[in-house]
Amino acid sequence: MAGNSQRRNRRTSNKKGAMVGSGGKRRRSLEGKGPTPPAEMRKGHAKQRIANARTRQAAKRPVARRGGKGSSELVVGRNPVVEALREGVPANTLYVQQFIDSDERVREALKLAADRGGIHLMEAPKPELDRMTNGLNHQGVVLQVPPYEYAHPEDLSAAAFDEGEDPLIVALDGVTDPRNLGAVVRSVSAFGGHGVVVPERRAAGMTAGAWKTSAGTAARTPVARATNLTRTLEAYQKAGLTVVGLAADGEVELQDVEALDGPLVIVIGSEGKGLSRLVGETCDLRVRIPMPGGAESLNAGVAAGVVLYEAARRRA
C-alpha cells in the first residue's frame with residue numbers, strides 16, 4: 001500500500017502545470033477574413049462617404065429654408081409682354097393704358113392674362129405708366145413680374161438624396177446674361193438635373209428674360225442663390241459631392257472623368273473669363289471639353305448641355 005501511495009504522489013508531482021493557450025487565435029488566423037465588404041462599408045471609400053452623407057441628410061429635421069427673393073420686374077412694350085405671357089413667365093398684374101388704341105397684340109395680351117388666371121388686369125393713365133417705367137416706351141402695356149423665390153443651395157442636394165438619387169447640380173460662376181441662365185435651366189431640366197446655383201452678386205438672376213429662355217422649365221427646376229459660391233461648393237464636397245469645373249485648360253478630358261455617374265456639381269464660368277481663381281482652386285477636377293473644330297470656348301448654355309448629356313448617359 002505504501003508503494004502504491006508513493007507512485008501516485010510521484011505521478012502527481014510530475015504533472016505539468018497550467019499552460020497559456022492561444023485562445024483559438026492561431027485557428028482563426030488561418031480561416032481568412034471572409035468576403036470583401038461592400039464599398040459602402042469600407043472605411044475611406046467614396047461610396048461610404050456618399051452613404052454617410054445620405055444618412056446625415058435623412059437624420060436632419062426638415063427645415064423650410066429659402067435663398068431669398070429677387071426684385072420685382074416690369075416687362076414693357078406690346079411684343080415683349082405678349083412673348084412673356086406666351087412663355088409662361090410668372091406675372092401678377094397686367095397694366096393697360098386708359099383709352100388705348102387696341103390692336104391685335106393688346107387683345108392677345110388681355111386674352112392670355114385672362115386665360116391663365118391669377119393675373120390682375122389694371123387700367124392706368126399714361127402718366128402713371130410713364131412714372132412706373134421711368135419714361136420707357138411702354139406702348140400702353142406693362143406686365144409686372146413678381147420677385148423670384150430662390151431655393152437654398154443645400155435643398156437641391158437634400159431633395160435628390162431624399163429621392164434616392166445622386167445629386168446632379170450646375171453652378172454658374174460669373175455668368176451675367178439671363179439668357180444663358182435660362183438656357184442652363186432648360187438643359188438641367190432636360191437631362192434630369194436637380195437644380196442650378198447662382199451667386200447672389202455679379203451674376204444673372206431669374207428675370208423675365210431667363211424665364212423666357214428656359215421655355216417654361218424654370219417652373220419645375222429650382223434655382224438657388226449662394227451668398228458665397230466658394231463656401232457653397234465646399235459644403236457640397238463635405239456632403240459627398242464631387243465638384244467638377246469646366247476650363248479650356250483643364251487637366252482631364254470630359255470622357256475620362258469617372259465621377260460623372262455619382263453625386264456631382266458642374267461649375268461653369270463666364271465665356272470670356274472662365275472660372276474665377278478661388279472657385280477653380282476649390283474644384284476637385286478641372287475638366288475640358290474636346291473641341292476638334294478649334295473653337296476657343298462655348299457659352300454657358302451649350303457647355304452645360306454637353307456635360308449634362310454625358311452625365312445622363314453614364315447614369316442611364
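Values in this document were obtained by computation on a predicted structure and should not be read as measured data. In what follows, every heavy atom counts, from backbone to side chain, and hydrogens, waters and symmetry copies are set aside.
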### Query
Can you name the side chain to side chain contact (heavy atoms under 4.5 Å, CB included) partners of R131, sequence neighbours left out?
E128
### Which residues share a side chain to side chain contact (heavy atoms under 4.5 Å, CB included) with A183, sequence neighbours left out
T213
### Query
What residues, two or more places apart in sequence or in another chain, satisfy salt bridge (Lys or Arg N to Asp or Glu O under 4.0 Å) together with E253?
R288
### Task
Indicate if V145 and L110 have the same hydrophobic cluster label, given that clusters are the connected sets of ILVMFWY residues with side-chain heavy-atom separations under 4.5 angstrom.
yes
#### Entry: Heavy-atom pair with the smallest gap, counting every atom of L143 and A84
CD2-CB, 4.0 Å
### Query
Do V306 and L246 belong to the same hydrophobic cluster, where Ile, Leu, Val, Met, Phe, Trp and Tyr are linked whenever their side-chain heavy atoms lie under 4.5 Å apart, directly or via other members?
yes
### Query
Is the number of heavy atoms from other residues, nucleotides or ligands within 6.0 Å of CZ (R202) greater than 12?
no
### side chain to side chain donor-acceptor pair (under 3.5 Å) partners of E87, counting only residues at least two apart
none
### Criterion side-chain contact (heavy atoms from CB on, under 4.5 Å) on L285 and V257, from CA distance to verdict
CA-CA 9 Å; L285 292 171; V257 178; 4.0 Å; yes
### Task
Show your working on salt bridge (charged side-chain N to carboxylate O under 4.0 Å, His left out) between R86 and E108 and close with a plain yes or no.
CA-CA 10 Å; R86 284 176 181 169; E108 184 177 0; 2.9 Å; yes
### Query
Under the side chain to side chain donor-acceptor pair (under 3.5 Å) test, which residues partner E104, sequence neighbours left out?
none
### Query
side chain to side chain contact (heavy atoms under 4.5 Å, CB included) with A160: which residues, sequence neighbours excluded?
P167, H194
### Summary
Sorted by chain and residue number, the side chain to side chain donor-acceptor pair (under 3.5 Å) partners of E83 (sequence neighbours excluded) come out as K212
### Message
Grouping I, L, V, M, F, W and Y whenever their side-chain heavy atoms are under 4.5 Å apart, do V188 and V302 come out in a common cluster?
### Response
yes
### Query
Nearest heavy-atom pair of A226 and V197: which atoms, and what distance?
CB-CG1, 3.9 Å
### Task
Write down the atom of L94, the atom of A109, and the distance for their closest heavy-atom approach.
CD2-O, 3.8 Å
### Criterion salt bridge (charged side-chain N to carboxylate O under 4.0 Å, His left out) on E310 and R313, from CA distance to verdict
CA-CA 5 Å; E310 181 64 15; R313 187 185 68 82; 2.6 Å; yes
### Task
Look at the side-chain heavy atoms of Ile, Leu, Val, Met, Phe, Trp and Tyr, link any pair under 4.5 Å apart, and say whether I266 and Y309 land in one connected group.
yes
### Query
Would D103 and R107 satisfy salt bridge (charged side-chain N to carboxylate O under 4.0 Å, His left out), going step by step from the backbone distance to the final call?
CA-CA 6 Å; D103 64 5; R107 290 192 293 272; over 6 Å; no
### Task
Take L181 and D177 through the test side-chain contact (heavy atoms from CB on, under 4.5 Å) and record every step on the way to the result.
CA-CA 7 Å; L181 171 57; D177 189 340; over 6 Å; no
#### Entry: Residues in side chain to side chain contact (heavy atoms under 4.5 Å, CB included) contact with E281, at least two apart in sequence or another chain
R277, L278
### Message
Check whether S214 reaches the backbone of W211 with its side chain - one donor and one acceptor, N or O, closer than 3.5 Å.
### Response
yes
### Query
Can you list every salt bridge (Lys or Arg N to Asp or Glu O under 4.0 Å) pair that touches residues 113-122, not counting sequence neighbours?
K111-D115
### Message
Can you pull out every side chain to side chain donor-acceptor pair (under 3.5 Å) where at least one residue sits in residues 89-99? Sequence neighbours excluded, please.
### Response
none
### Listed partners of Q237 passing side chain to side chain donor-acceptor pair (under 3.5 Å), at least two apart
D284
#### Entry: Residue pairs involving residues 256-268 (criterion side chain to side chain donor-acceptor pair (under 3.5 Å); sequence neighbours excluded)
none
### Task
Mind listing the closest non-hydrogen atom pair of N79 and R105 along with its distance?
OD1-CD, 3.0 Å
